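Predicted, not measured: the structure shown is a model, and the values here were computed from it. Note: hydrogens, waters and symmetry copies are ignored here, and every other heavy atom, side chains too, is used. We name chains A, B, ... by the order of the sequence lines, and we start the count at 1 in each one.
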There are 2 protein chains.
Amino acid sequence: MIAAALDELDDHGLAAFSIRNLARRLGVYPTAIYWHVESRDDLLAEVVARILADAEPRRALSWQRYLRALFGGYRAAIKRHPSAAPLVGAHLVGNRSIGLGFVEGLLTKLGEAGFAGAELVAAYNTVIAALVGFVTQEFAAVPDDDRERWRAAVRRRLSRSQLASYPVLRRNLPLLANKAFILRWQSGSQAPLDRSFERYVDVVIGGLERLADRRAARRRR
Amino acid sequence: MIAAALDELDDHGLAAFSIRNLARRLGVYPTAIYWHVESRDDLLAEVVARILADAEPRRALSWQRYLRALFGGYRAAIKRHPSAAPLVGAHLVGNRSIGLGFVEGLLTKLGEAGFAGAELVAAYNTVIAALVGFVTQEFAAVPDDDRERWRAAVRRRLSRSQLASYPVLRRNLPLLANKAFILRWQSGSQAPLDRSFERYVDVVIGGLERLADRRAARRRR
DNA sequence: ACCTGAACACCGTTCAAGT
DNA sequence: ACCTGAACACCGTTCAAGT
């Protein structure tokens, strides 16, 4: 049933996802869904839960490798179901969909990194926020209907004549076009941002490392 | 007209936002809206554009201070209109709502930091993704109707008897409850995550600094 | 335990017609 | 240039009734 919902989402996208379409797929009356699930939101939360089910890394890893695996696994999960990308941010904040085991694992790893107390909370929130940030945007859907029209609009906007007052943009245009947020006309499913994601993970882990080092240095004094 | 749309959004939230309700507020037929705007999505994109209009920092700042101001300004803008939080991620990826002037400014600043070529693109994407990540989640709406019920559910989930197998979580519970993603029952409007956001910005800027330093060191060799 | 069937109160959007 | 008015093809959800 939520497997069917996930199929529906993958096949037709979030915009077209409805209880009624799901019922059609199942060959059942729309109202039958409500015996299995409390509401549309509840249903989608369960779908998200299934998508993220096996994203938790092994705890034997060093905290840096653990985080790297977490970011990679999360991105891979969304890559398999890009239509769910916008849901995850919305549902992660609400607690459902995520088990406390995952929370415990992350807190443990950040503890090993040297964070404790209020700083542990801050590091935890930092990781969760960063985890969702890049991927949500990378796989955000492009309006499907006028895809070609939109592509043309972005291209026109980036045509060299328009860019007279934006020298840095103009100079780097070939590298930026369709490979940078705001300047893209395809989502991450068609045009993945692999290298940017790698650097993003480097930045987050590197930043945490520096924070941890400084706390350690302060303790030694 | 899009001012009225913003008011409607602020007053009743995104879930209740509809062309028809906006028309009611304006004392006009729903279909009249379509003379001013192409679609509901288009309307919301314009609303987002207005919200983010004055978020660009002065370019005289050092790149670190520029980024700090950018993150702070963005958060302040969303704090004023939290109902728009989920829209921004969706619309930033699509180019509308954001001027090329902002893109040029950010690229310039990252150039000053020492990034160039493909690494400039990666740094740019990192900043945009990070910019949206935290705030989108912090201000994501809590289901309004069953607010009390949900709060109770989270509390029950975090009751000490449930936490026997999660020692780190249990030990830090007072610091985590309602102050950490997944473990909250209020959104950032009611329970802001100020300290976590500060650390988050530290991590992103610190991570970028380290990346820039290493590139500089490699060039010197 | 699980589904049907009717009904309610909504949506976004198109298009012709008015002023 | 800007709005009315009718219409179309949808929604999520409730509730009583069936099996």
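We find that OH of B/Tyr34 is positioned 18 Å from P of D/dC2, with the value rounded to whole Å. Whole-Å rounding puts the A/Leu43 CG to D/dG12 P distance at 10 Å. Following rounding to the nearest Å, A/Asp42 (CG) and D/dT14 (C1') show an atom-to-atom distance of 17 Å.
Annotation for B/Leu67 and B/Leu208: closest pair CD1-CD1, 3.8 Å, computed over non-hydrogen atoms.
With A/Asn21 contributing its side chain and A/Ala16 its backbone, the two residues share a donor-acceptor pair below 3.5 Å. In this structure, B/Glu138 contributes its side chain and B/Leu193 its backbone to a donor-acceptor pair below 3.5 Å. Checking side-chain atoms of A/Lys109 against main-chain N and O of A/Leu61 turns up a donor-acceptor pair under 3.5 Å. For the pair A/Glu104 (side chain) and B/Val168 (backbone), a donor-acceptor distance under 3.5 Å is present.
The gap from the C1' atom of D/dC3 to that of C/dC15 amounts to 14 Å, rounded to the nearest Å. Spacing between D/dA9 and C/dA9 at atom P, rounded to whole Å, works out to 22 Å.
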Tell me, what's DNA chain D's dot-bracket, Watson-Crick or G-U with both distances under 3.5 Å, | for other-strand, [ ] crossing?
||.|||||...|||||.||
What protein N or O atoms touch nucleotides 3-6 of chain C N or O atoms at under 3.5 angstrom, if any, and at what distances?
unit_1	atom_1	unit_2	atom_2	d
C/dC3	OP2	A/His36	NE2	3.3
C/dT4	OP2	A/Tyr29	N	2.7
C/dG5	OP2	A/Tyr29	OH	2.4
C/dG5	O6	A/Thr31	OG1	2.9

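Taking the ring centroids of A/Tyr34 and A/Tyr29, they lie at or beyond the 6.0 Å cut-off.
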Test side chain to side chain contact (heavy atoms under 4.5 Å, CB included) on A/Ile19 and A/Thr31; report intermediate values, then the result.
CA-CA 8 Å; A/Ile19 297 278; A/Thr31 51; over 6 Å; no
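Checking each of A/Leu106, A/Ile128, A/Asn125 against B/Ile182 for a side chain to side chain contact (heavy atoms under 4.5 Å, CB included) leaves exactly one that passes, namely A/Ile128.
Between B/Phe71 and B/Phe197, the ring-plane angle classifies as tilted under the 30° and 60° cut-offs.
A salt bridge links B/Asp202 and B/Arg68; the closest N-O separation between the charged side-chain nitrogens and carboxylate oxygens is under 4.0 Å.
Of the residues in residues 4-24 of chain A, not one comes within less than 4.0 Å of DNA chain C through any heavy atom.
Atom CZ of B/Arg25 has more than 12 heavy atoms from other residues, nucleotides or ligands within 6.0 Å.
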